[in-house]
Amino acid sequence: MKRLKLGVLASGRGSNFQSIIDSVESGYLNVEIRLLITDNPNAFAIERAKKHGIEYLVITPGTFSSKDEYFKGIAMELKNREVGLVVLAGFMRIVRKPLIDAFSNKIMNIHPAILPSFPGLHGQKQANDYGVKISGCTVHFVDEGMDTGPIIIQAAVPVSEEDTEDTLSERILKYEHRIYPVAIKLFSEGRIEVAGRKVKIKGTVFNGEGIINPPLPG
Ligand code: GAR
């Protein structure tokens, strides 16, 4: 079977990008990271791409006539390389219709909160300020809303009374790095089915326990 090709979009540090690279290099993921696209010429994600021999493009919106044209341009680069799954890894822009339509239910995002709570920017700060006792992270498909698409997998992470935005972010990030490769693996194995808002994952057994749902495949 042909290996799934990933296109990763990142704006910054790229630690989630790195967790995907590591998962490919360790053999956990049987996919090809075909391309990194960034909107930020200074993104550290670029260094990661260079180090691992991954093609990268810096595409900034400034050179396009509109936001829709920008995302049309991105979609074209991804299609030209036969990308089958687009992975947003700290991509700090709202994806527009031309890209969403070109990759329907084939764009994933990771968000640092348990959606639908605390969407948008600074999910960790929002959760900490609100005073919740449990937060976490979510991988979901991308639709036209802000962090509103069908949820694939979530991890719950406890919040301490002593937490700052930074300490909570760090705790959640460790789980981001665990669940994103799982979601990509499930997709690459054809185990994800989307029915309306709901994502059904073939072959997982609900055990009523656990912090990460669905339970991680063995
Ligand atoms: C991650 O915490 C990710 O969940 C968040 O940005 C960070 C990127 O870190 N994304 C969002 O807030 C999207 N709304 P990384 O560049 O090290 O992967």
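Both ligands and their constituent atoms are indexed starting at 1 by order of listing. What you see is a predicted model; the values in this text were computed from it and never measured.
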Cluster overlap Y130 with L115, hydrophobic side-chain contacts below 4.5 Å | no
Does I151 share a hydrophobic cluster with I184, counting links as ILVMFWY side-chain heavy atoms below 4.5 Å and allowing steps through other members?
->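 The answer is no; the residues belong to distinct hydrophobic clusters.
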Hey, is E82 close enough to R34 for a salt bridge, meaning N to O under 4.0 Å?
-> no
When you pair each N or O of ligand 1 with protein N or O atoms, which pairs come out under 3.5 Å?
unit_1: ligand 1; atom_1: 2 (O); unit_2: E176; atom_2: OE1; d: 3.2
unit_1: ligand 1; atom_1: 2 (O); unit_2: E176; atom_2: OE2; d: 2.9
unit_1: ligand 1; atom_1: 4 (O); unit_2: E176; atom_2: OE1; d: 2.8
unit_1: ligand 1; atom_1: 4 (O); unit_2: E176; atom_2: OE2; d: 3.3
unit_1: ligand 1; atom_1: 9 (O); unit_2: R13; atom_2: NH2; d: 3.1
unit_1: ligand 1; atom_1: 16 (O); unit_2: G14; atom_2: N; d: 2.7
unit_1: ligand 1; atom_1: 17 (O); unit_2: R13; atom_2: NE; d: 2.6
unit_1: ligand 1; atom_1: 17 (O); unit_2: R13; atom_2: NH2; d: 3.2
unit_1: ligand 1; atom_1: 17 (O); unit_2: S15; atom_2: N; d: 2.8
unit_1: ligand 1; atom_1: 17 (O); unit_2: S15; atom_2: OG; d: 2.6
unit_1: ligand 1; atom_1: 18 (O); unit_2: S15; atom_2: N; d: 3.4
unit_1: ligand 1; atom_1: 18 (O); unit_2: N16; atom_2: N; d: 2.9
unit_1: ligand 1; atom_1: 18 (O); unit_2: N16; atom_2: ND2; d: 3.0

Answer yes or no: are there more than 12 heavy-atom neighbours, outside E170 itself, under 6.0 Å from its atom CD?
->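 Open: at most 12 neighbouring heavy atoms sit under 6.0 Å from CD of E170.
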Any sub-3.5 Å donor-acceptor pair from T138's side-chain atoms to A113's backbone N or O?
->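 Judged by distance alone, yes, a pair lies under 3.5 Å.
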With sequence neighbours excluded, residues passing ring pair (Phe, Tyr, Trp, His ring centres under 6.0 Å) with F64 |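 By the ring pair (Phe, Tyr, Trp, His ring centres under 6.0 Å) rule, F64 matches Y70.
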